[in-house]
Amino acid sequence: ETHDGAHRTFLTSAVPLRGPDGGITGAIALYQDVTEQRAREEALGRSEEQLRQAQKMEAVGRLAGGIAHDFNNLLTGILSYSDLVLQQLRPGDPIRGDLEQIRHAGQRAAGLTRQLLAFSRRQVLQPRVVSLNSCVEQVDAMLRRLLGADVTLELELDPGLWPVLADPDQLEQVLVNLLVNARDAMPGGGRVTVATANLQLGAAGDPRGSGVGPGAYVTLSVSDTGVGMDVPTQARIFEPFFTTKEAGRGTGLGLSTVYGIVEQSGGHIAVESAPGQGATFTVFLPRHEGSAAVPAGQPDWRSLPGGTETVLLVEDEAAVRSSARRLLERYGYSVIEARHGDDALRIVAEGGRPVDLVITDISMPEMDGRELVRRLRARSPDLKVLFMSGYSARSVSPEEEMPPGAAFVEKPFTVDQLIRRAREILDG
């Protein structure tokens, strides 16, 4: 330690000096200041570890994105065929309720695939007016399974809770990540409390020192009885790749993901903790002035707009192609099927019928949907196109790059989404 209180690191070595009789008469000592060198080595080590983490998560992201894309194809078939059968059932049919549960499970699975896509690219938020109570209650059973038998989950939900404007799927991801963090902080079991409340902060803001300013908020808090954290750990808890777990456990991205979602939603997150006293994470979301949205019921398919135009449907997944064809034909369209891009080009070249609309998957082997559309429009520049994909619209064709006369529908789509989108693009 130097006179000004700074700490320095020295590398020392000594060489003995010997007299004529061989005895040691002295020594030469060398002191080398290696403070900056050690600091550079430590910084390099941290950078290398972060790079390894980033490369690992990039690989996981690619894998998750591929799984989500393929799974969305399967879900498209499940949801489309569910819609087809539901259309043919009477309102009081005894199996209608079972089929609606299958459809609901497919929609829930679609929400989970959107979470997988969030690992591989920035997920576009789809905010709605929602109640945090409903978000918690819908995933209650899943959260209890996630925590395991040795952890008790208690809910304290304010029945008069104000609504918020947020993406419910992303809020579910926030909940899951916070619950996983709480579970890992209690290796011997314990109790987790999830609570919601209304909070009106005055001009001084949050008196607890969270940094949240004045205003009306809805809070979601997750409290555990785990090991807790000291102040230095709390200061870094939301940093990407920071983790208190031993090597090989945890990515250090769970809480940073939570932080990003909350901030992107216009909210704040704060933590209160002490060693041995558990931890409480509190999410602050601005109150939405208005009532909570009424959950959507079964769509009235009889009111969907049909048509008589000719549609060229290009899709390499047989289940998706078959279900989409049946949905389009149900609403009056004449459908020509193509299994891939070359098949579609051959059909158009043969010139059997003029095509009014091309509905094509984007990710197909050998020739993707964008290349197919470029070749088709070389023959018919005004051809209207509806792209579909198991990836998000932002990842495959940002809105500013969407060509004129083209639109996008994300898999898995429902009958309502497909039919309305097709009619919109046909009507210009």
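Since the model is a prediction, treat every value here as computed from it, not as a measurement.
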Polar side chain donor-acceptor pair, Asp158 to Thr196, under 3.5 angstrom: no

Steps toward salt bridge (charged side-chain N to carboxylate O under 4.0 Å, His left out) verdict (Arg421, Glu424): CA-CA 5 Å; Arg421 207 75 175 115; Glu424 287 170 2; 2.8 Å; yes

Between Thr280 and Ser223, a side-chain donor and acceptor under 3.5 Å: yes

SB check Glu371 Arg374 (cutoff 4.0 Å): yes

Any side-chain heavy-atom pair of Asp356 and Lys384 under 4.5 Å: no

Pairing of Arg96 and Glu100 as salt bridge, 4.0 angstrom limit: yes

CD (Glu366) with more than 12 external heavy atoms under 6.0 Å: no

All side-chain contact (heavy atoms from CB on, under 4.5 Å) counterparts of Gln37, not counting sequence neighbours: Val34, Arg40, Glu41

Shortest non-hydrogen separation from Gly369 to Thr360 and the atoms involved: CA-OG1, 3.9 Å

OG1-CD distance between Thr9 and Glu36, expressed to the nearest 0.5 angstrom: 9.0 Å

Arg325 (side chain) donor-acceptor with Val335 (main chain) under 3.5 angstrom: no

Listed once per pair and sorted, the side chain to side chain donor-acceptor pair (under 3.5 Å) pairs that draw on residues 309-321, sequence neighbours left out: Glu309-Arg423, Glu315-Lys411, Arg321-Glu337

side-chain contact (heavy atoms from CB on, under 4.5 Å) partners of Ala338, counting only residues at least two apart: Leu312, Val314, Asp343, Ala344, Ile347

Residues Arg103 and Asp83 bridged, charged N to O under 4.0 Å: yes

